Student: 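My structure is below; once you've seen it, I'll send some questions.
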Amino acid sequence: SADTVASDLIVPLIQQQFRPKLVQLQVRVQQLPTTPELISTNVRLLSYLKLRIRAYDLALEGARDNRPELFNAFDQKQAQADSAARVFEISLRKVQESFR
């Protein structure tokens, strides 16, 4: 939550390291050449990245505007991103197995 020491530690990391790296990765993924076999996997990866970036935006906005409720939204969006990551991983494994 916003009133813990953890938020004081995580928000600068999100701003300086985590979010910029995810945005760079998102741009790279959008530029990847794809094939019909990879389109759904790429879409799942982009969905994950979009959710994670949105979660980070909520944390940054919550810290900037002193709005603790946005940290709850951050937590919820993180959970959605975690779920999307699992879906992406399953899709990726299927693609990997199909190329064996």
Side-chain angles (χ1 to χ4, degrees):
S1 69
D3 58 348
T4 66
V5 174
S7 67
D8 292 342
L9 298 174
I10 195 69
V11 168
L13 289 173
I14 288 171
Q15 185 173 22
Q16 297 166 9
Q17 294 179 12
F18 302 156
R19 190 182 185 288
K21 286 182 182 181
L22 283 184
V23 170
Q24 288 175 349
L25 181 57
Q26 184 182 41
V27 169
R28 289 181 65 196
V29 170
Q30 290 171 335
Q31 295 172 348
L32 285 175
T34 191
T35 64
E37 298 85 12
L38 296 177
I39 288 173
S40 65
T41 302
N42 288 357
V43 167
R44 287 180 174 97
L45 177 55
L46 286 168
S47 176
Y48 160 74
L49 293 170
K50 181 179 177 181
L51 286 166
R52 189 70 69 193
I53 290 167
R54 179 64 185 132
Y56 290 166
D57 288 344
L58 288 165
L60 295 173
E61 186 178 343
R64 182 187 66 235
D65 298 342
N66 195 25
R67 294 181 56 200
E69 72 274 11
L70 292 180
F71 285 92
N72 292 331
F74 162 73
D75 288 339
Q76 292 171 353
K77 197 58 71 175
Q78 287 276 87
Q80 290 176 0
D82 290 344
S83 178
R86 287 188 290 278
V87 170
F88 164 70
E89 289 172 356
I90 291 167
S91 180
L92 182 60
R93 272 190 241 121
K94 288 179 182 177
V95 168
Q96 290 170 331
E97 290 171 5
S98 73
F99 284 104
R100 289 184 184 163

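All residue numbers refer to positions in the sequence shown, counting from 1. These figures come from a predicted structure and were not determined experimentally.
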Student: Look up atom CD in Q26 and atom CG in L45, then write down how far apart they are to the nearest 0.5 Å.
Tutor: 9.0 Å
Student: With side chains defined as the heavy atoms from C-beta onward, is the minimum distance between R19 and D57 less than 4.5 Å?
Tutor: yes
Student: Which heavy atom in V11 sits nearest to a heavy atom in A59, and how many Å separate them?
Tutor: CG2-O, 4.2 Å
Student: Same cluster or not: I53 versus L51, using hydrophobic residues (I, L, V, M, F, W, Y) connected whenever any side-chain heavy atoms lie under 4.5 Å apart?
Tutor: no
Student: So which heavy atom on G62 is nearest to which on F71, and how close?
Tutor: C-CE1, 3.6 Å
Student: Would you indicate whether the side-chain heavy atoms of Q15 and Y56 approach each other to under 4.5 Å?
Tutor: no
Student: Please round to the nearest 0.5 Å and tell me the distance separating atom CZ of R54 and atom CG of L22.
Tutor: 14.5 Å
Student: In terms of hydrophobic clustering (I, L, V, M, F, W, Y; side-chain heavy atoms under 4.5 Å; direct or indirect links), are V29 and V87 co-clustered?
Tutor: no
Student: Side chains of L25 and K21: closer than 4.5 Å at any heavy-atom pair?
Tutor: no
Student: To the nearest 0.5 Å, how far apart are CD1 in I10 and CD1 in I14?
Tutor: 5.0 Å
Student: Under a 4.5 Å side-chain heavy-atom rule over Ile, Leu, Val, Met, Phe, Trp and Tyr, are I90 and L38 clustered together?
Tutor: no
Student: If we ignore hydrogens and angles and just use 3.5 Å, is the side chain of S98 paired with the main-chain N or O of V95 as donor and acceptor?
Tutor: yes
Student: Judged by modelled atom types alone, do Q80 and K77 share a side-chain donor-acceptor pair under 3.5 Å?
Tutor: yes
Student: So how far is it from R44 CZ to Y48 OH, rounded to the nearest 0.5 Å?
Tutor: 16.0 Å
Student: Identify the heavy atoms of S7 and P12 that sit nearest to each other, and give their distance.
Tutor: O-CD, 4.3 Å
Student: Rounded to the nearest 0.5 Å, what separation is found between the CD atom of E89 and the CD atom of Q96?
Tutor: 10.5 Å
Student: Got a second to check how far N42's CG is from L32's CG, nearest 0.5 Å?
Tutor: 6.0 Å
Student: Tell me whether L60 is reachable from L49 by hopping between hydrophobic residues (I, L, V, M, F, W, Y) whose side-chain heavy atoms are closer than 4.5 Å.
Tutor: yes
Student: Is there a path of hydrophobic side-chain contacts, each under 4.5 Å between heavy atoms of I, L, V, M, F, W or Y residues, that connects F88 with L46?
Tutor: yes
